[in-house]
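To start, the structure itself, in C-alpha cells.
First the proteins, then the strands, lettered A, B, ... as listed; each starts at 1.
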Amino acid sequence: MSAEKIKTEEKSLNFLEEIVENDLASGKYTSIMTRFPPEPNGYLHIGHAKSICLNFGLALKYGGRTNLRFDDTNPVKEDIEYVDSIKEDVKWLGFEWANELYASDYFETLYEYAVKLIKKGLAYVDDSSPEEIAAQKGTPTEPGKGNEYRNRSVEENLDLFARMRAGDFKDGEKVLRAKVDLASPNMHMRDPLMYRIKHADHHRTGNAWCIYPMYDFAHGQSDSIEHITHSICTVEFIPHRELYDWFIEKLEIFPSHQYEFARLNMTYTVMSKRKLLELVNDKIVDGWSDPRMPTIAALRRRGYTPESIRLFCDKIGVQKRENLIDLSLLEFCVREDLNKNATRRMAVLDPIKLIITNYPDGHVEELSGENNPEAENGGGSRPIPFSKELWIEREDFMEDPPKKFFRLGVGLTVRLKYAYIVKCTGFKKDEDGNVTEVYAEYISESRSGADSSKINVKGTIHWVSVQHALTAEVRLYDRLFKVEDPSNEEGDFKEYINPDSLQVLQKVYIEPALAAAFPGERYQFLRKGYFCVDENSTKEKLVFNRTVGLKDTWAKEAKKG
RNA sequence: UGCCCGAUAGUAUAACGGUAGUACGACAGUUUUUGGUACUGUUUGUCGUGGUUCGAAUCCAUGUCGGGCAACCA
C-alpha cells in the first residue's frame with residue numbers, strides 16, 4: 001500500500017499536465033503544440049522563465065512541439081533589440097523552438113478573417129472617439145449602449161475597412177469592432193476593438209500596414225493558425241477567454257484552447273515590465289542586465305545557471321492562486337547546482353596580513369588544492385603557493401574571541417586550508433586601534449596530506465600568499481528592495497529600494513590559479529560564496545560578481561550574541 | 001458592489017470522498033581540512049458557519065478575505 005502510494009505521489013501532476021494527459025488519453029489530440037508568445041517590448045524576466053519552462057516543458061514531456069511567437073501587433077512599443085534578447089534568453093535557458101514566428105506574419109490572414117466577420121455581420125467600423133466608445137461601453141453594473149455606426153451595412157463596412165487599410169484615415173479616426181453583446185457582464189464582450197489605425201513603422205512589416213490588430217484579434221487567431229492545442233497564459237486573461245472562443249467559433253477555424261496559470265511573484269523584487277523599465281530609465285540600476293534585476297539577462301550575468309533556473313521553475317509548481325515565492329528558494333536552487341559544479345578557489349575579500357613568524361624568509365612551497373570536493377577525484381587539483389606572509393580575512397581574527405569562535409585569536413589554532421595548522425601568537429594595531437597584522441607560528445609536521453601532528457583544530461580558514469596574490473574587483477549584491485513585496489506597499493515602489501544592494505570591493509586578493517579566469521566562468525570562493533567572472537572582466541582587470549553567498553550558520557550564531 | 005478567478009504550515013505545492021504529505025525556510029544535532037556539502041530529527045497547516053455522508057481539504061449552500069475585469073496595451 002505505502003509503496004504504491006509513494007509511487008503515485010511521485011507522479012503527481014500539475015493541473016496543466018493533467019489537462020494534457022486527459023486530452024491525449026481521450027484522443028482529443030494525438031500530439032500537442034504549445035507556444036511561448038512574448039511581446040518584444042522588454043527583456044524577459046524570471047516570471048517569463050516560468051512560462052517558458054511550462055510551455056516548452058509540457059511539449060517536451062508529452063512529445064509535442066513549441067513555437068516561439070512574437071506578439072508584435074503594436075509597432076510603437078516594440079523593437080528588434082527585444083526580439084534578439086528574447087531569442088538569446090530562451091536559447092540560453094536550454095530550449096529549442098520548433099518555429100520562430102511573428103503575429104505580424106499573419107497580418108494578411110488576419111485581415112481576411114476580419115473581412116469574413118464583416119461579411120457575416122459580426123464586425124463594423126466605428127467612427128467614435130476612444131472616450132465615446134468607453135462611455136458607450138457602460139460599466140460593470142450597467143449595460144453598454146449602441147451607436148448609429150453599429151448598424152452600418154455590410155457593404156459600407158467592407159468599403160470603410162478597405163479604406164482604413166489603404167490609409168484614407170488618420171490615426172484614431174476609425175476602428176473596427178466586433179459586434180458581440182453590449183450588455184454582456186463580461187466587459188470584453190461589449191463589442192471589443194479588433195483593429196485600430198496607426199501610421200507607424202513596424203519592426204518587421206515596415207510601412208506595409210497602417211492598421212494593426214488588437215491583442216484579442218491576433219493572439220487566438222495566431223494560436224489557431226499554428227494549430228496550438230494548449231494556449232497557456234496568465235490569469236489576467238481569464239476574462240478574455242470567452243472572446244477568444246467567440247472569434248474562433250465565428251471564424252470557423254482550428255479550435256485552440258486557452259488555459260491560465262498564476263504569474264510568478266518573488267520576494268524583494270518587482271516583476272512588471274513597466275516597473276523594471278522604470279528602474280532602467282531612472283538609472284536606479286545599470287541597464288536591463290544589472291545583476292540585481294530579476295531579468296534572465298541579469299541572472300545570467302550574476303552567475304545563475306540555466307539548470308538552476310529550470311530547477312526553480314520546477315520547484316515553484318503551478319496553480320491559479322496568487323503567490324509570492326521566497327527569494328531563498330531561487331538561491332537554494334543555484335547553490336544546489338553550483339555546489340556540485342563550481343570550481344573552488346581562494347579569495348580574500350577583506351584582507352589583513354598574517355605573518356608566520358617561524359616560517360623561513362623568502363621560502364615558497366607549492367601546495368596542492370582539489371578543485372571540487374563534490375566531484376569525482378576532487379575534480380583534479382591546482383597548485384597553490386605558500387609563503388611566510390599571507391592575506392587572510394579580517395573577520396577571521398578577533399582580538400577578543402567569544403567561546404565558540406573557531407578562528408584566529410591570540411592562543412587559538414586553526415588550519416590554513418590545504419596547508420599548515422598555525423597558532424596565533426599576537427597582533428599589531430595602528431594608532432586608531434585597527435588591527436594591521438596578525439602573527440602566528442606554524443606546526444611544520446601538520447602539512448595538509450602529511451599531517452603527523454595529531455593536533456585537532458575546529459576551524460579552517462582560507463588565505464592567499466601575499467607575494468603571489470592577484471588583485472581583483474568584486475561586486476557584492478544584495479536584494480534590490482528592503483521590503484518583501486514592494487509593489488504592495490504604500491506609495492511609489494521605488495521608495496523601498498535597498499540602498500546597499502551593491503557593494504564594490506576594489507582590492508580583493510585572489511590566488512594565482514585565477515589569472516586565466518574568463519568572462520562567464522563560475523567559481524566558489526571558499527567559505528565566501530559563488531562568484532561569476534563579469535562580462536566586462538579582462539586579464540588586466542578581473543571582475544567578479546557574487547552570485548550568492550554560502551549558507552552561513554556562524555553569521556546567524558554571531559548575530560544571536 | 002455586476003461578472004470572473006482563487007483560498008491547505010512562514011512561503012510554495014500534493015492529497016481527485018478514506019491516516020493531511022513534500023520542498024524551501026526556521027530550529028536542534030551528527031559528520032567535516034569550506035561554520036559549505038551530506039545526513040538525522042523538531043516545529044508550524046485545511047479561511048468561518050451550516051449541510052450531504054459511516055467518513056469532507058475534497059461535494060453543496062452561505063459568509064469572509066485576496067486577486068482580476070470598464071487601454072485605439074499585451
Side-chain angles (χ1 to χ4, degrees), chain A residues 5-6 8-10 12-14 18 37-39 41 71-74 76-78 126 128-130 133-135 137-144 171-177 184-188 190 193-198 212 214-216 218-219 233-242 260 262 267 273-274 315-333 335-336 339-340 344 346 373-374 404-407 414-419 421 446 448-449 451 457-462 484 524-529 549-558:
Chain A
K5 186 165 186 187
I6 287 167
T8 54
E9 271 173 2
E10 274 176 1
S12 94
L13 306 170
N14 68 46
E18 261 175 41
E39 183 188 15
N41 69 342
D71 226 335
D72 56 350
T73 56
N74 188 358
V76 303
K77 285 193 178 170
E78 293 149 11
D126 193 328
S128 310
S129 69
I133 290 178
K137 271 194 184 175
T139 68
T141 50
E142 309 159 41
D171 287 11
E173 217 175 309
K174 289 184 167 34
V175 291
L176 183 71
R177 287 227 256 170
S184 172
N186 181 348
M187 297 299 290
H188 294 274
R190 322 250 265 226
L193 270 61
M194 293 165 61
Y195 271 91
R196 76 288 215 191
I197 299 170
K198 274 181 198 278
Y212 292 93
M214 300 286 292
Y215 168 84
D216 285 309
H219 199 101
C233 63
T234 46
V235 291
E236 61 268 31
F237 290 97
I238 290 176
H240 294 251
R241 190 174 59 223
E242 193 179 351
E260 310 87 7
T267 54
K273 276 192 200 172
R274 198 208 91 224
K315 283 195 170 304
I316 57 178
V318 45
Q319 253 310 333
K320 296 176 89 151
R321 58 185 97 107
E322 263 237 311
N323 60 81
L324 182 63
I325 309 279
D326 267 342
L327 177 61
S328 64
L329 182 60
L330 216 212
E331 295 181 336
F332 165 81
C333 291
R335 289 196 189 104
E336 179 92 338
N339 175 53
K340 287 193 208 88
R344 314 289 135 122
M346 293 197 288
E374 302 294 316
K404 286 193 284 185
F405 187 75
F406 306 134
R407 306 180 191 183
V414 293
R415 156 84 57 187
L416 294 171
K417 182 74 181 177
Y418 310 124
I421 291 172
S446 69
S448 201
D451 187 350
V457 291
K458 282 290 243 179
T460 300
I461 65 172
H462 60 280
E484 279 205 333
Q524 183 197 103
F525 288 169
L526 243 49
R527 304 207 301 140
K528 292 274 95 181
L550 257 26
K551 270 176 88 177
D552 191 348
T553 49
W554 168 248
K556 273 184 208 164
E557 185 70 26

Taken to the nearest whole Å, NZ/Lys417(A) to P/G35(B) is 8 Å

Looking at Thr460(A), I'd like to know whether one of its side-chain N or O atoms comes within less than 4.0 Å of OP1 or OP2 on U32(B). no

Pro239(A) has its side chain closest, among G25(B), C16(B), G68(B), to G68(B)

| said: Can you see whether Asp126(A) engages Ser128(A) through a side-chain donor-acceptor pair at a distance of less than 3.5 angstrom? | reply: yes

Testing G6(B), G35(B), A26(B) for proximity to the side chain of Arg321(A), the answer is G6(B)

*Could you tell me whether the side chain of Arg415(A) has a donor or acceptor atom within less than 3.5 Å of a complementary atom in the base of U33(B)?*
yes

Just N and O in the side chain of Lys528(A): are any of them under 4.0 Å from OP1 or OP2 of G36(B)? no

In whole angstroms, the gap separating P of A12(B) from CD1 of Ile316(A) amounts to 11 Å

Are Tyr215(A) and His240(A) close enough that their ring centers fall under 6.0 Å?
-> yes

message = Is Gln319(A) close enough to A14(B) that one of its side-chain N or O atoms is under 4.0 Å from OP1 or OP2 there?
response = yes

Of the listed C4(B), G35(B), C3(B), the closest approach to the Pro185(A) side chain comes from C3(B)

Is it the case that G36(B) (base atoms only) and Arg335(A) (side chain only) share a donor and an acceptor within less than 3.5 Å, ignoring hydrogens and angles? no

Would you tabulate the nitrogen or oxygen pairs shorter than 3.5 Å linking the protein to nucleotides 38-46 of chain B?
none

* Would you please confirm or rule out a distance under 4.0 Å between OP1 or OP2 of U11(B) and any side-chain N or O of Thr267(A)? => no

Of the listed C5(B), A74(B), A26(B), the closest approach to the Lys551(A) side chain comes from A26(B)

Separation of A26(B) atom P from Asp552(A) atom CG, nearest Å, is 11 Å

Tyr215(A)-A74(B) aromatic stacking (under 5.5 Å, under 30°) = no

Of U33(B), U1(B), U34(B), the nucleotide closest to the side chain of Thr141(A) is U1(B)

Please list, for nucleotides 70-72 of chain B, all pairs of protein and nucleotide N/O atoms separated by less than 3.5 Å.
from, atom 1, to, atom 2, distance (Å)
C72(B), N4, Ser128(A), O, 3.1
C72(B), N4, Gly172(A), O, 3.0

